[in-house]
Protein chains: 2
Amino acid sequence: MRLDTYDNKILTVLMENARVTWSDLAAMIGLSSPATADRVHRLEERGVIRGYEAAVDPEFAGCSCTAFVAVTLESAEQRNSFLNLVGNLAEVQECHHIAGDYDYLLKVRCLNTKDLDRVISSELKRLTGVRTRTTIVMNTLKESTRVPLKPDLFREKGE
Amino acid sequence: MRLDTYDNKILTVLMENARVTWSDLAAMIGLSSPATADRVHRLEERGVIRGYEAAVDPEFAGCSCTAFVAVTLESAEQRNSFLNLVGNLAEVQECHHIAGDYDYLLKVRCLNTKDLDRVISSELKRLTGVRTRTTIVMNTLKESTRVPLKPDLFREKGE
DNA sequence: TATGAAATGGATTGGCC
DNA sequence: GGCCAATCCATTTCATA
């Protein structure tokens with residue numbers, strides 16, 4: 001069951017403004033409100049829409065420090081505890097398993113460089129065999145969660 | 001004008017579910033609906049809340065390839081055209097100015113490695129003097145936009 | 001800036017195509 | 001799967017503190 005043009009339009013609108021009313025959304029895509037609501041609910045159930053998030057300016061939360069931390073685990077046994085730790089650390093926004101010299105790439109958001117030091121030295125390096133290389137972000141020029149939607153390319157997961 | 005406990009709670013809820021109704025949100029934080037709506041509108045006006053985004057599973061959009069591309073510009077003149085290009089490329093979700101060996105770090109989402117090659121070779125390298133180092137993401141284990149909110153640390157931007 | 005009541009307008013349900 | 005109509009419920013406004 002592929003996504004059609006209506007679903008495409010719905011996703012495009014919801015990625016920009018997740019708080020639109022059904023009636024506004026319906027008017028934008030050219031369907032009635034009940035039909036629109038149905039489609040959105042189906043998209044949620046199928047996991048196409050994972051959720052709705054308010055984008056909060058990190059500066060206001062005191063998170064003025066962003067960094068990318070590349071991590072290598074020296075022993076495979078630490079893997080689960082590392083992933084567990086990372087999953088529970090609010091400061092770690094992202095964790096990717098990467099190809100190349102390092103194993104993981106983390107995106108970290110925290111108060112300042114001192115706080116970053118705490119996250120790396122006291123949290124991540126609590127585990128033995130964790131090597132890191134940190135890249136400090138000086139300025140963020142673009143940051144969006146919008147996925148590039150290409151019509152005719154919608155597919156089932158893994159298809 | 002700092003953010004108080006109510007604002008804190010509001011942000012926490014909205015970061016998890018941006019489509020809550022005012023009445024539900026009001027019940028959760030312990031205020032009346034009009035008061036809650038007022039506060040949210042003020043948070044929007046002050047730029048604390050930048051917007052509301054549906055989180056779409058990249059796999060469904062055919063974006064099964066994620067990569068981090070470190071970029072160095074060999075001449076300073078290319079800077080503006082580079083930032084312009086990057087701002088207009090839907091495949092580039094993020095662009096950070098970084099400290100270290102490279103100038104910028106881009107987060108790129110596209111169809112597959114062939115499509116990634118197109119983005120890098122045909123789009124980014126259209127400009128002369130663009131050197132890149134690409135790190136392919138094999139698996140994403142955590143990905144959130146939630147900012148770690150620490151009560152008592154709310155502040156005005158730049159404060 | 002908060003509340004509560006009244007009025008408005010959007011969401012949901014059910015019947016039907 | 002979609003539309004329409006009716007009910008239901010949330011949002012907004014306003015008066016008050």
Side-chain angles (χ1 to χ4, degrees), chain A residues 1-57 60-62 149-157 159, chain B residues 1-57 59-62 149 151-157 159:
Chain A
M1 188 178 168
R2 287 171 160 263
L3 307 188
D4 65 9
T5 324
Y6 287 126
D7 294 323
N8 197 331
K9 286 184 188 170
I10 287 173
L11 293 177
T12 308
V13 174
L14 285 178
M15 279 196 290
E16 299 244 317
N17 176 15
R19 278 188 72 86
V20 272
T21 61
W22 295 128
S23 42
D24 285 351
L25 179 55
M28 281 187 253
I29 67 165
L31 280 180
S32 65
S33 300
T36 308
D38 269 4
R39 274 174 180 271
V40 172
H41 292 140
R42 265 176 276 141
L43 290 169
E44 290 167 353
E45 278 158 20
R46 289 160 63 193
V48 180
I49 297 175
R50 284 178 175 165
Y52 305 95
E53 303 168 347
V56 173
D57 189 329
F60 281 98
L149 294 184
K150 310 194 187 182
D152 311 331
L153 274 170
F154 284 106
R155 62 196 58 198
E156 285 306 290
K157 207 165 174 168
E159 200 183 312
Chain B
M1 188 177 166
R2 288 171 159 263
L3 307 188
D4 66 9
T5 323
Y6 286 127
D7 294 324
N8 197 329
K9 286 185 189 169
I10 287 174
L11 293 177
T12 308
V13 175
L14 286 178
M15 281 196 288
E16 299 244 318
N17 176 16
R19 276 186 73 86
V20 273
T21 60
W22 295 130
S23 40
D24 286 352
L25 180 55
M28 280 188 253
I29 66 165
L31 281 180
S32 64
S33 301
T36 308
D38 269 3
R39 274 174 180 272
V40 172
H41 292 141
R42 267 176 275 140
L43 289 169
E44 290 167 354
E45 278 157 21
R46 289 161 63 192
V48 180
I49 297 175
R50 283 178 176 165
Y52 305 95
E53 303 168 346
V56 173
D57 189 330
E59 296 277 331
F60 280 98
L149 294 185
D152 311 330
L153 273 168
F154 284 104
R155 61 196 58 196
E156 285 307 288
K157 206 166 175 169
E159 201 182 313

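Small disclaimer: the values here were computed from a predicted structure and weren't measured. Excluded from the calculations below are hydrogen atoms, water molecules and symmetry mates; all remaining heavy atoms, backbone and side chain alike, are included. We name chains A, B, ... by the order of the sequence lines, and we start the count at 1 in each one.
Atom-to-atom, CG of A:D38 to P of D:dC3 comes out at 10 Å; the value is rounded to the nearest Å. B:I29 has its CD1 atom 12 Å from the C1' atom of C:dA2, to the nearest Å. Distance, A:L31 CG to C:dC17 P: 20 Å, rounded to whole Å. Rounded to a whole Å, the CG atom of B:L25 is 13 Å from the C1' atom of D:dA10.
Between the side chain of B:D7 and the main chain of B:D4, a donor-acceptor pair closer than 3.5 Å is present.
Tested against A:R39, the residues A:L3, A:L31, A:L25 include a single side chain to side chain contact (heavy atoms under 4.5 Å, CB included) partner, A:L31. Considering A:M15, A:E16, A:E53, A:R19 in turn, A:R19 is the only one that fulfils the side chain to side chain contact (heavy atoms under 4.5 Å, CB included) rule with B:Y52.
Counting only heavy atoms from C-beta on, B:S32 has its side chain closest to C:dT3 among C:dA2, C:dT3, D:dG1. Nearest to the side-chain atoms of B:A35 among the listed nucleotides D:dC3, D:dG1, C:dT3 stands C:dT3.
Each ring pair (Phe, Tyr, Trp, His ring centres under 6.0 Å) pair with one or both residues in residues 10-45 of chain A, not counting sequence neighbours, appears once here: A:W22-A:H41.
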For side-chain contact (heavy atoms from CB on, under 4.5 Å), just list the numbers for A:L11 and B:V56, CA-CA rounded to whole Å, side-chain angles, deciding distance to a tenth of an Å, and then say yes or no.
CA-CA 7 Å; A:L11 293 177; B:V56 173; 3.9 Å; yes

I'd like to compare against my own output: the B/S/- annotation of nucleotides 11-17 of chain D with a strict under-4.0 Å heavy-atom distance to protein.
SBB----

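Of all non-hydrogen atoms in A:R46 and B:F60, the two that sit nearest each other are O-CZ, 3.5 Å.
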